[in-house]
Number of protein chains: 2
Amino acid sequence: MADHIVVFYPEGKCVEAPSGDTVLAAAQQAGVSIDSSCGGAGACGKCRVILRLGHAEVEPGPFLTAEEIGQGYALACQTQVADDLVVEVPTASQLGELQILAGDIEAPGVAAAVPLVQRLELEVPAPTIDDNSSDLERLYRALRASEADYDSFDIDLAPLRELPQMLRASGWQACVAVADLHRRARIIGVAPSCKEHHSFGLAVDVGTTTVAAHLVDVELSMAVGAEAALNSQIAHGDDVISRIIFASEHEGGLAQLQGEIAKTINALVAELCEAQGLDAQQIMSASCAGNTVMTHILLGLDPAAIRRHPYVPAARQFPLVRARDIGLAINPAAVVYCAPAVSSYVGGDVVAGVLATGLAEVEELWMLVDMGTNGEIALGNRDWLMCCSCSAGPAFEGSGIQYGMHASLGAIERARFDPAADTLEYATIGGAKPRGLCGSGLIDVLATLLRAGVIDRAGRIDLGYPSPRVRVDNDQAQFVLVWGHEVGREDDIVISDADIENLMRSKAAVFAGVQVLLDSVDLTPAQVDRVMVAGAFGNYLDSDNAVTIGLLPDVPRERIRFVGNTSVAGARMTLVSRRARRQAAEIASRMANLELSAVTAFMDRYVAGLFLPHTDMSLFPSVAAQLEREEQERAHPEGGERT
Amino acid sequence: MADHIVVFYPEGKCVEAPSGDTVLAAAQQAGVSIDSSCGGAGACGKCRVILRLGHAEVEPGPFLTAEEIGQGYALACQTQVADDLVVEVPTASQLGELQILAGDIEAPGVAAAVPLVQRLELEVPAPTIDDNSSDLERLYRALRASEADYDSFDIDLAPLRELPQMLRASGWQACVAVADLHRRARIIGVAPSCKEHHSFGLAVDVGTTTVAAHLVDVELSMAVGAEAALNSQIAHGDDVISRIIFASEHEGGLAQLQGEIAKTINALVAELCEAQGLDAQQIMSASCAGNTVMTHILLGLDPAAIRRHPYVPAARQFPLVRARDIGLAINPAAVVYCAPAVSSYVGGDVVAGVLATGLAEVEELWMLVDMGTNGEIALGNRDWLMCCSCSAGPAFEGSGIQYGMHASLGAIERARFDPAADTLEYATIGGAKPRGLCGSGLIDVLATLLRAGVIDRAGRIDLGYPSPRVRVDNDQAQFVLVWGHEVGREDDIVISDADIENLMRSKAAVFAGVQVLLDSVDLTPAQVDRVMVAGAFGNYLDSDNAVTIGLLPDVPRERIRFVGNTSVAGARMTLVSRRARRQAAEIASRMANLELSAVTAFMDRYVAGLFLPHTDMSLFPSVAAQLEREEQERAHPEGGERT
């Protein structure tokens with residue numbers, strides 16, 4: 001039986017598979033983990049992959065529409081290898097280490113769109129004495145004859161300087177790198193051939209605390225790697241306000257912060273390139289999504305007025321700049337796009353999120369809660385869009401929490417306390433030895449300890465709780481989550497009253513934002529058809545627990561979806577699709593911003609939210625019922641009913 | 001009687017003039033020379049000036065049409081001062097030192113057009129909490145509300161970085177420098193106010209031998225200074241071919257030549273700025289017109305293929321670049337436009353000339369002969385345009401001629417030999433002590449010596465001619481034009497057989513080009529309604545003498561016009577007018593190029609032209625008649641007729 005080559009991305013792993021093997025079997029052979037809960041029976045629909053190159057027979061069924069098949073989707077366990085294939089394993093179908101912060105949404109149907117920078121292989125007509133127009137005109141003629149869809153053409157001076165020798169050396173072949181400046185083509189690079197390597201783009205979520213970068217193969221329109229790191233600006237303050245102060249009140253502060261974010265991104269670029277064996281020069285474009293302050297600092301724009309009444313940013317739609325202008329260590333001529341902002345406190349990250357989730361195109365009413373250091377909430381559908389921003393703080397990113405950490409290897413991302421056994425069941429990212437807790441783990445811990453009665457509704461640890469895990473250290477009540485000796489650590493991993501207080505402030509701010517935003521349009525949580533939670537939580541969020549602690553409104557749990565890092569997902573879409581860039585601009589301009597600082601009710605709502613789940617239990621009927629049930633169970637452990 | 005301030009440009013001289021004085025009187029008082037042959041009687045029409053600011057009563061008359069008055073033209077002697085005035089004295093009306101190479105054509109009706117870079121004073125709406133869109137959007141809003149005519153807006157990163165602080169410091173005033181990128185506005189600079197100074201542009205004729213630069217006040221759309229210098233590339237070869245060889249066959253040769261032309265222009269910029277007391281940062285735009293090779297080198301583009309079959313330039317329409325990209329010492333963000341070329345050997349200088357002369361818009365048939373180191377000839381009207389280029393060599397720019405010089409102070413620009421008195425009457429540029437001969441002086445000398453019989457029709461000096469001026473030095477026959485002792489020089493200014501041979505080669509090449517071009521469209525010189533001669537001849541050319549030596553065809557002399565440096569004139573127009581830039585592009589694309597190297601008849605014509613005026617005297621009937629008459633007069637000095 002003939003063998004075929006199957007390459008799996010983003011891992012870049014390659015295997016020879018005999019005809020007739022399933023893609024799932026090939027993946028297992030290649031050491032690529034694909035989620036397949038049903039064991040390959042075609043019954044769970046979780047092993048969705050995208051066929052990027054090569055042909056395979058795929059039939060529609062309960063888990064795949066014909067339209068999805070048209071976009072390349074297939075079930076790995078139901079698809080046989082009958083050709084050489086390039087297969088992308090979307091984050092949602094991945095298992096294991098690559099989950100780390102790669103959590104994103106696939107961008108459907110954008111593969112055919114015009115990338116921010118694309119390369120085109122051209123046959124340039126050679127000149128004759130009867131047709132001796134210039135090299136540049138010949139190049140434009142070849143471009144016009146290609147499938148490239150631009151209104152006009154222009155060229156940087158540097159590639160024009162290379163053009164004459166290059167064309168003659170290549171025998172009138174050219175590979176041009178074309179930037180899309182609002183339908184105008186700008187040639188930013190020329191080479192004799194596109195065949196030597198692919199060209200790449202960088203999608204970056206520029207978070208206040210965490211920066212996540214995806215390396216995207218622009219030609220295949222797919223991610224080939226993902227990395228994340230702490231924003232090294234963090235040394236100059238935890239939140240956007242302290243960064244603005246540093247930028248505007250320290251001599252050279254803005255330049256210093258700009259250098260820090262460039263340094264952070266460049267370190268990610270170096271890791272991504274090393275992993276893929278790429279030269280960073282091959283990265284010809286970058287798309288960045290960040291809150292308004294982070295975007296300002298990235299571009300070196302003065303953010304001072306953002307913090308002062310009436311809260312005015314320098315820009316909301318940002319000009320396209322070049323990598324060299326902002327110190328990014330990719331191709332110096334690479335074009336850098338920044339997602340447009342709505343206001344001083346609702347930035348391009350939210351716009352990218354709205355874009356990536358499709359919120360702006362649906363008929364239903366959807367809500368997106370982006371749990372960054374700034375919590376942002378977007379609400380609406382294809383007819384209207386509203387948003388607001390509340391300073392949630394970085395607690396759910398692990399900052400300000402003693403054993404908090406961002407969602408990387410060894411972070412506890414799921415946890416459940418079993419009071420009877422006095423044990424904490426937990427799972428870490430990558431299955432590694434626990435190092436601390438990321439956001440989803442913190443939510444689980446808060447909820448499970450509340451249910452178990454270890455902490456009360458005010459968030460205080462009950463020192464009378466009958467477990468050695470409860471103790472006082474340095475005048476602080478704390479609960480031991482993981483005994484150090486059990487996992488070979490010197491210290492125990494704990495959560496303290498102070499940690500819980502921080503988390504409650506964060507969740508109260510987010511929930512108050514949700515309430516005020518819904519109030520402003522006279523709607524209730526029950527009217528929201530889908531609540532999407534975005535953030536760098538790893539690949540998991542327990543929606544019931546998120547409701548239990550009062551972070552999210554008490555709606556039927558199936559309406560709550562964890563959507564991962566929608567900021568980087570939107571950045572990826574804008575990197576590869578002109579339509580996405582146009583949509584992002586449209587979303588930014590039509591989204592109405594509710595300035596929470598101008599809403600007096602916000603502070604009342606916030607204070608009322610400093611309880612678990614809330615002061616007003618009528619807002620959380622299902623949680624109230626459950627807590628009551630569990631309290632009764634504790635009081636009557638045999639399960640007998642009180643009369 | 002109230003006094004008014006009158007400022008004269010390009011001198012920048014200023015005077016207080018009482019109401020009722022004429023502008024001419026005010027100019028005389030200010031020490032500004034205006035041509036007024038009739039002594040201020042309104043009878044010669046030579047004292048034309050342009051009123052740039054202020055009001056004056058001007059009536060139409062034989063020397064001024066109502067349309068010209070609408071453009072600001074007035075006769076200085078017929079116009080009374082009744083307001084503060086800014087008056088431009090066009091080159092054609094200037095007398096004295098400023099004639100030096102400033103010879104150009106006024107660009108009519110372009111004042112209202114969109115400059116390459118213009119500054120606009122804007123009132124930016126201050127933000128409120130109800131209207132807190134970004135600084136940039138407010139700026140765009142103010143721009144849209146202004147009279148500025150652009151389709152879309154964009155901004156460089158540098159001014160955007162300055163914008164927030166600048167707007168707040170200025171109290172929401174802004175002066176923006178806006179580049180016109182094909183109807184798209186690109187903000188390249190911001191300042192609190194436009195009032196501190198004007199903004200300027202640089203118009204440059206990038207000649208192979210001579211570089212001429214005009215400093216243009218973009219706000220008044222007028223030149224305030226002119227300078228010229230030798231192209232310092234000349235150390236690497238006299239003509240474009242030797243420059244191409246140096247650029248392409250020496251390691252780093254192109255960069256070196258690029259540096260030389262930048263250095264030459266920068267020296268002119270320094271002189272112009274010093275004379276006007278300007279900071280070169282105020283120069284926000286530059287428009288350059290040069291032949292195709294000079295433009296390539298200026299932009300750092302490889303010219304190698306221009307010299308090789310099939311003679312292909314890198315580009316004919318050049319991208320707009322920034323001053324910093326090519327090392328011009330003006331504002332680094334300044335936008336640099338290069339006039340488009342027709343072919344490898346018909347460049348932007350010719351296109352600028354066709355633009356400046358209006359040749360492409362007339363109904364009649366006009367011809368433009370541009371006497372640069374490359375001689376270029378354009379022919380046509382509003383319906384069709386043809387051109388060709390012939391390697392004339394730099395003789396008429398004074399290069400390769402022992403006492404040749406470019407048209408600057410002390411150059412003999414007019415001359416007439418009086419055989420009876422054995423004296424040479426001459427005039428120098430600026431009335432200075434003679435230093436040598438520029439192109440127009442060389443033409444006069446050649447013609448007058450031919451008529452006097454000092455040189456024969458083969459261009460040889462008659463050693464038997466009865467004058468001590470004829471002598472042999474170093475085996476070379478020579479004719480003394482100016483005795484050194486008469487003007488306080490150590491050496492005599494002479495012309496030699498070798499000089500004459502060089503000049504004849506140049507004029508033969510130009511005339512052969514004229515013939516071949518006319519032949520190619522089946523026309524004769526008699527059908528040409530106007531023959532315009534352009535070149536850096538100073539401000540004068542004797543058309544009869546130009547025909548006498550066979551440089552120009554034998555047409556009625558009133559059809560011949562000397563039009564000065566049309567290359568720099570066109571550069572000025574494109575600097576201040578979008579319409580002119582559009583026209584230049586259109587001229588370049590619709591002008592058909594006749595490749596002389598492909599026309600075998602050219603060499604025959606050229607060889608036949610190596611006589612004075614020509615081997616074929618039937619082509620020059622009026623010259624033949626005159627020479628015969630003069631020969632007879634010499635033979636029969638009493639004027640008696642032979643029978």
Side-chain angles (χ1 to χ4, degrees), chain A residues 126-140 152 154-158 160-165 167-168 181-182 184 186-187 248 254 292 296 299-306 308-322 325-326 341 343-344 593 595 597-598, chain B residues 126-140 152 154-158 160-165 167-168 181-182 184 186-187 248 254 292 296 299-306 308-322 325-326 341 343-344 593 595 597-598:
Chain A
T128 63
I129 192 71
D130 298 319
D131 170 20
N132 62 357
S133 67
S134 67
D135 293 343
L136 183 59
E137 287 159 283
R138 317 183 84 76
L139 194 70
Y140 287 168
S152 63
D154 203 353
I155 188 167
D156 280 357
L157 188 53
L160 182 55
R161 285 175 171 173
E162 290 172 38
L163 189 63
Q165 288 207 12
L167 283 177
R168 284 163 185 81
L181 314 185
H182 312 288
R184 288 176 283 112
R186 177 109 189 173
I187 298 171
S248 51
L254 175 57
T292 309
H296 272 59
L299 294 176
L301 303 179
D302 184 359
I306 287 179
R308 297 207 187 92
H309 187 90
Y311 318 113
V312 173
R316 298 194 298 186
Q317 307 258 358
F318 304 95
L320 294 171
V321 302
R322 301 303 180 97
D325 296 335
I326 57 170
S343 71
S344 277
N593 177 45
E595 196 72 69
S597 62
Chain B
T128 64
I129 192 72
D130 299 318
D131 169 20
N132 61 357
S133 68
S134 68
D135 294 343
L136 183 59
E137 286 160 283
R138 317 184 84 77
L139 193 71
Y140 287 168
S152 63
D154 203 352
I155 188 167
D156 279 357
L157 188 53
L160 182 56
R161 284 175 171 173
E162 291 172 38
L163 190 64
Q165 288 208 13
L167 282 177
R168 284 162 185 83
L181 314 186
H182 313 288
R184 287 175 284 112
R186 177 106 189 176
I187 297 172
S248 51
L254 175 57
T292 309
H296 272 59
L299 294 177
L301 304 178
D302 184 359
I306 288 178
R308 297 207 186 93
H309 187 89
Y311 317 113
V312 173
R316 298 192 299 185
Q317 307 258 358
F318 303 95
L320 295 171
V321 301
R322 301 305 179 96
D325 296 334
I326 58 170
S343 70
S344 277
N593 177 46
E595 197 73 68
S597 61

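A note on names: the letters A, B, ... follow the listed sequences, proteins ahead of strands, and every chain is numbered from 1. Since this is a predicted model, take the numbers as computed values, not measurements. All values below come from the heavy atoms of this structure, side chains included, with hydrogens, waters and symmetry mates left out.
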At a 4.5 Å cut-off on heavy atoms, which part of B/Gln317 comes close to chain A: side chain, backbone, both, or neither? backbone
If one checks every heavy atom of A/Asp302 against chain B at 4.5 Å, the contacting part turns out to be both
Less than 4.5 Å to any heavy atom of chain B: does that hold for the side chain of A/Arg322, its backbone, both, or neither? neither
Within the distance-only criterion (no hydrogens, no angle test), does the side chain of A/Arg316 pair as donor or acceptor with the backbone N or O of B/Leu136 below 3.5 angstrom? no
Kindly say whether A/Pro310 contributes a backbone atom to a donor-acceptor pair with the side chain of B/Asn132 at under 3.5 angstrom? yes
Just verifying a value: how many Å separate B/Arg184 CZ and A/His182 NE2, rounded to the nearest 0.5 Å? 9.5 Å
So which atom in A/Pro164 and which in B/Ala314 form the shortest heavy-atom distance, rounded to 0.1 Å? CG-CB, 3.5 Å
Let's test your reading of the structure: which of A/Leu167, A/Val321, A/Leu299, A/Asp130 forms the most heavy-atom pairs below 4.5 Å with chain B? A/Leu299
With a 4.5 angstrom heavy-atom cut-off, could you sort out which part of B/Ser133 is near chain A: side chain, backbone, both or neither? both
Partners passing ring pair (Phe, Tyr, Trp, His ring centres under 6.0 Å) against A/His309 (at least two apart in sequence or in another chain): A/Tyr311
Would the number of heavy atoms belonging to other residues, nucleotides or ligands and lying under 6.0 Å from CD of B/Gln165 be above 12? no
What part of B/Val312 gets closer than 4.5 Å to chain A, counting heavy atoms only: side chain, backbone, both or neither? both
Using a 4.5 angstrom heavy-atom cutoff, name the option from B/Asp154, B/Asp325, B/Asp156, B/Leu139 with the most pairs to chain A. B/Asp325
Using a cut-off of under 4.5 Å on heavy-atom pairs, state which of B/Ala305, B/Ser248, B/Ala158, B/Pro313 scores highest against chain A. B/Pro313
Looking only at A/Glu162, A/Arg168, A/Glu595, most heavy-atom pairs under 4.5 Å shared with chain B are made by A/Arg168
With sequence neighbours excluded, what pairs up with A/Asn593 under the side chain to side chain donor-acceptor pair (under 3.5 Å) test? A/Ser343
The test is side-chain contact (heavy atoms from CB on, under 4.5 Å); show your working for A/Leu157 and B/Ile326 and say whether it passes. CA-CA 10 Å; A/Leu157 188 53; B/Ile326 58 170; 4.0 Å; yes
Looking at B/Ala315, B/Pro127, B/Ser344, B/Ala341, which one has more heavy-atom pairs under 4.5 Å with chain A than the rest? B/Ala315
Give, for atom CG of B/Leu160 and atom NE2 of A/His296, the distance between the pair rounded to the nearest 0.5 Å. 7.5 Å
